[in-house]
*Asks:* 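Let me begin by handing over the structure; questions about it come next.
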Amino acid sequence: MTEMSAKTRKAIQTQAENLSKKVEHFTKAEIECLIQHFNSLLADQVSRGKAAHGLDRGRFRGILQNVFGLTNAMMMDGVFRCFDKDGDGTVTVEEWIRGHAVFLRGTLDERMKYCFQVYDLNDDKYISKEEIFHMLKQSFIKQPTEEDPDEGLKEVVEITMKTMDHDHDSLLSFEDFKKSVQAENLLLEAFGTCLPDPMHIKKFEQLVFQEQHEQ
Amino acid sequence: MPAVGFHGNLLTADNYHLVKILQKQLLKYGGAMGLTLTRAAQWTTSSSGTAKLESTPLNESLLKEILDFVEKIGSKSSQEAEHVFEEPLQWNTTLVASHFKKGYNTRGSTVKSNEKDSEGNPLLQLSPPSLYVRNFSQLSKLLHVAKDRKLQEVQACLEENRDPMVNILGWNFISKLDRTRSPPEVPIDASEKDVKVKLFIMLQDIDKKILNKLVAEISEQVQFNPTVVTKEVELLKKCCTEGEERLLKSLRYTSDFEFSNGCRAPLWRQALGEICYLVIEPCDGEILNITCSSAGVFLNAGFQQEGDESHYERKSDFYEDLASLLKSRSPHFAESINKQVFDGEERGRAQKSEKQQENIVHQWERLQRALYGRKKCDTCQRWRNLGVLTICGPAEEEKARKSSVEKKRPGARSRMKAELSASYSPGHLSSQRTKTSAGAVVEEQFSESSSETEEEEEQPERRSETNPDLPSEYWQIQKLVKYLKAADQTVTVLVLCAMMELDLTKETCQLAIQDLGGLEVLLNLLDTNDIRCKIGSLKILTKISQNVHLRQTIVHMRGLQRMVNNLDSPVKELQALAAETIANVANDRRARRTVRHHGGIRKLVKLLDCFNDSTDLRANMEKDLEVARCGASALWSCSKSSKNKEAIRKAGGIPLLGRLLRSPQENILIPVVGTLQECASQESYRVAIQTEGMIEDLVKNLRRDNDELQMLCASAIFKCAEDKRTRDLVRSYKGLQPLVSLLAKADNKQLLAAATGAIWKCSFSMKNVAIFQESKALQTLIGLLTDQPEDVLVNVVGALGQFAQKPANKTAICNGGGIKALINLLNGTNQVYYVGSHCSSCLNSLLY
């Protein structure tokens, strides 16, 4: 960790004070840690010649991949979309902390909302069969012997739709999604991994929050 | 159709059957007009199979009778003889014009009688080869003309006029008579009606006479002969096995001596047609004394006094065979024999050793078919076709397997009994585990004592023949398994979720998953790093591992190792699911060993430790408790093996179980107490249960309103109360009274056995006996001396023996009808030895 002036330190504390009123699940101290961590990430980015007030998409994806073990490009784009609330192409410190509140400590309700948002590619509040198909396209090893290589995947999409689409309109609304996930928690990340697994969370929390203790 | 006919001396089933039918018909003949000449004629023709009458002695005598009748009626020349038939009897004759002389008008080859009816038609007319006859008088004359060809003519006449009554009296008349059973109100003149009725009665009379005579003749030839009886007795003897599928308790001849003709009855009784006497003890009801005679099977008066002729007396109806007599006397027999026909088929698919059983059933059917011409019940085939046969609950499988195990080792049963009395281990009552305590103990016995090869032999072979009518789930599963193999983790989870939507409790689904390679994929998923895939896989595995075949396959596929590996995952849900699946799989005894060999016991015991982080959130606490519950369930299953009991103790399981015993939640208490009572067969556990203060908690849980929990607690006390201090502790925690109140739940036999066992052991202390008496336990126990399963009886008798140590109780037992019940138990031929020995020691303490 780089040396910090008393001034920066003070600024971080105020920032943390403000954010802790807006964001749930974290203590003020934890927010301070997250801010510091964010700043160090940002500093890396700046040192490579890009001055910015937030993390850009590329940098963000790199973190998701290296720190949280997410691999699917489409999912990472979705996660970025969710973090970047104002849609300006960068994730600011506030967006970062808000995102992490769900990412690390979200309740089932919050995580459901988050996942639904990731999966709703065109942001029309519905997940369509086409979107599901699109998200799962890479998930299936195509059998070259099959006449229609996508047949298997289509079938899986159909079956999944049948179990999740409770109002039978061939679209997954948030209500449909919620009902399905409450019945079977495994369906939370139905169409792609977009949350870190417990091991990565543990590692990340150790990394970020223990820095605090060391100081 | 082959012409069976009445081949005189040949004893055929058909004949025998027909005689019975005839007898019955004759019996109700009285006013009911059940039989007519028509029928008699039909009967003979149909039995010959063709329109021709066979030339057999019986048919001949039938024809002779008819001939006699016709000749007589003709010679009387009464009104009846002159009555003109509604329709002429017509047949192809061998007679020619030259035979007819006086009273006939011959022109060329045609002949007409001189006698004519009111309209001028001749009463007899021959236009070769056809002959028409219109009254009995003419018929009689014709027979006179035919001389030595009489019989052929009568035969031809009957063959070609299958319904002579209709010809003679007219359809209208017959149908009216049949319907109203009273003289018909037909618009014909009275005298004619009178004649018709008279004729009808006459015909019926002769009909009856002929039939009676025929029956007598047939009966002489067709007998219920010794070979038939011997065969049936032998078959029935095979059904007097031990175990649940027995049909009868015992069956024996009254005499071992067999005469050269196969009969066992004394010669003077053989003269009366009696073959042998049997004493059969059905499973329900009293002993049956049966006489097998040539006329059939019936109950006799029993053989109390030698030389008393009255016991030969018939006390029941005749039955056509032993089986039908038994069916009518013993509902158990009737029910079981039907069931066995089905069960035998069903089990045959899984059990090599069941083949024998199946053979018996088949032999049985064959014999029955051969003897009595019965139709084989074809339900089995139909069930098979419907594909229902493959759907059979795990419980039944287990039962079937168990019974095969028992059968294999005749000596095992007694050993098992001995073990049972000492360490009664009630099974799990929850729906997933239906195994009974007996099964558990048997399994344990073998797991510790039998070699690998024997175990291999016992593996039931599941028929994997494909059923043409596979249920739709099969194809669905086939597709899902295919996708499972081609998917990444995301789609894998989706496919697993789709699989969970199926009814995985159905055996068709379970077996389909195994047969289509799904089980292998599911187990492989446990080796991956993806938590969601593992959870999904285990969610399916917990359900399908309720099937005994799948458990074995899982063990074969090294599935247990992978589950054990997941027991120390940081993800609680995963731990819990893995433990829960192990709990199912470890009902298989080799699985128990595998769990131990891979360090599973230690890991499972660790799961019980949910008291570490007291600062944990409430939600986490719930998760921890769920993990502990699953861990305890797995340990319960594993603890059926004595080496595992030891391993649990070494891993420090006892104090953890003791802590969980204070949990308020029944769903945790059940596996915990289950494990404890299972392990209480070991001295070290009994000591620990006493010294670590668990008796108090066990007593406390006796009072909970949960049958299974009460049963397990009582069973634990049963096993521990051999120790005096434990007995005293039970008393000081006021546990005796609740034990007595459990006796009220007499319908739950497992609970009753555990409660009576605990009372028995506790009553070794006289102070306890005094408290039991205050709760009126003595009277209740005496009441339990009848109609109870053996494991209850042993305990009750044992307890009474203890109670009887007090002189006051002796009289109470005597006055309460205890002596009589005890002596009845001693007399019961079926009681196992140790019930008897308990009885005698109990009586001893009563008497001295």
Side-chain angles (χ1 to χ4, degrees), chain A residues 25 69-72 74-75 78 105 107-108 115 118-119 132-146 149-164 172 180-181 183-203 206, chain B residues 472-473 475-504 521-522 525 528-543 566 568-577 617-620 622-623 626-627:
Chain A
H25 304 308
L70 301 184
T71 48
N72 186 320
M74 201 181 304
M75 287 302 119
R105 309 235 168 125
T107 61
L108 183 62
C115 288
V118 173
Y119 300 146
I132 298 174
F133 186 82
H134 192 63
M135 286 184 278
L136 298 180
K137 220 164 44 188
Q138 308 301 323
S139 298
F140 223 69
I141 302 156
K142 283 166 192 164
Q143 305 289 335
T145 51
E146 300 265 324
D150 287 331
E151 201 191 292
L153 182 53
K154 276 180 191 158
E155 176 92 31
V156 173
V157 173
E158 279 304 325
I159 296 170
T160 309
M161 205 51 160
K162 225 167 91 188
T163 49
M164 293 181 76
L172 288 188
S180 311
V181 175
E184 177 51 70
N185 286 349
L186 285 177
L187 288 171
L188 177 64
E189 292 177 82
F191 309 119
T193 313
C194 53
L195 285 165
D197 69 28
M199 260 78 81
H200 283 100
I201 291 176
K202 211 171 157 189
K203 244 162 86 185
Q206 269 169 5
Chain B
S472 61
E473 286 105 330
W475 306 113
Q476 181 78 356
I477 287 168
Q478 190 179 42
K479 249 192 294 183
L480 293 177
V481 171
K482 196 177 92 189
Y483 300 150
L484 218 46
K485 289 175 178 167
D488 79 341
Q489 62 266 46
T490 304
V491 174
T492 295
V493 172
L494 288 183
V495 176
L496 292 175
C497 289
M499 213 178 251
M500 284 176 224
E501 294 281 309
L502 299 170
D503 183 4
L504 295 174
V521 180
L522 290 173
L525 284 174
T528 64
N529 286 325
D530 193 281
I531 291 158
R532 295 169 62 238
C533 287
K534 288 192 204 184
I535 288 176
S537 160
L538 282 170
K539 276 184 177 173
I540 293 170
L541 285 170
T542 43
K543 287 190 187 145
N566 281 301
D568 39 19
S569 153
V571 183
K572 300 234 161 71
E573 192 180 1
L574 198 52
Q575 286 182 316
L577 282 166
L617 293 165
R618 209 185 139 67
N620 281 350
E622 263 168 38
K623 273 186 194 165
E626 172 66 8
V627 171

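Both backbone and side-chain heavy atoms feed into the values below; hydrogens, waters and symmetry mates do not. Residue numbering restarts at 1 for every chain, and letters A, B, ... go by the order of the sequence lines.
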*Asks:* Between A:Glu184 and B:Lys539, does the side chain to side chain contact (heavy atoms under 4.5 Å, CB included) criterion hold? Intermediate values first, please.
*Replies:* CA-CA 11 Å; A:Glu184 177 51 70; B:Lys539 276 184 177 173; 2.5 Å; yes

*Asks:* State the CD-CG distance between A:Gln138 and B:Asp488, to the nearest 0.5 angstrom.
*Replies:* 9.5 Å

*Asks:* So how far is it from A:Thr160 OG1 to B:Glu501 CD, rounded to the nearest 0.5 Å?
*Replies:* 10.0 Å

*Asks:* Side chain from CB out, backbone as N, CA, C, O: work out which of these in A:Met199 comes under 4.5 Å of a heavy atom of chain B, or both, or neither.
*Replies:* side chain

*Asks:* Where does A:Leu186 contact chain B at under 4.5 Å (heavy atoms): side chain, backbone, both or neither?
*Replies:* both

*Asks:* Tell me the closest heavy-atom pair linking A:Pro198 and B:Val571, and the distance in Å.
*Replies:* CG-CG2, 4.1 Å

*Asks:* Give me the atom names and distance for the closest heavy-atom approach of B:Arg532 to A:Ala190.
*Replies:* NH2-N, 3.9 Å

*Asks:* About how many Å separate CG of B:Asp530 and CG of A:Asp197, when rounded to the nearest 0.5 Å?
*Replies:* 8.0 Å

*Asks:* Can you confirm whether B:Asp503 is buried at CG, in the sense that more than 12 heavy atoms of other residues, nucleotides or ligands lie under 6.0 Å from that atom?
*Replies:* yes

*Asks:* Check whether B:Gln476 gets within reach of chain A through its side chain, its backbone, both or neither, counting any heavy atom under 4.5 Å.
*Replies:* side chain

*Asks:* Which bit of A:Thr193 is near chain B, if near means a heavy-atom gap under 4.5 Å: side chain, backbone, both or neither?
*Replies:* both

*Asks:* State, to 0.1 Å, how close A:Ile159 and B:Ala498 come at their nearest heavy-atom pair, and which atoms those are.
*Replies:* CG2-CB, 3.5 Å

*Asks:* Which bit of A:Glu189 comes within less than 4.5 Å of chain B, counting heavy atoms only: side chain, backbone, both or neither?
*Replies:* both

*Asks:* Heavy atoms only: give me the nearest A:Val156-B:Tyr483 pair and the separation to one decimal.
*Replies:* CG2-CD1, 3.6 Å

*Asks:* Return the option, out of B:Leu480, B:Leu494, B:Ile535, with the maximum number of heavy-atom pairs under 4.5 Å with chain A.
*Replies:* B:Leu494

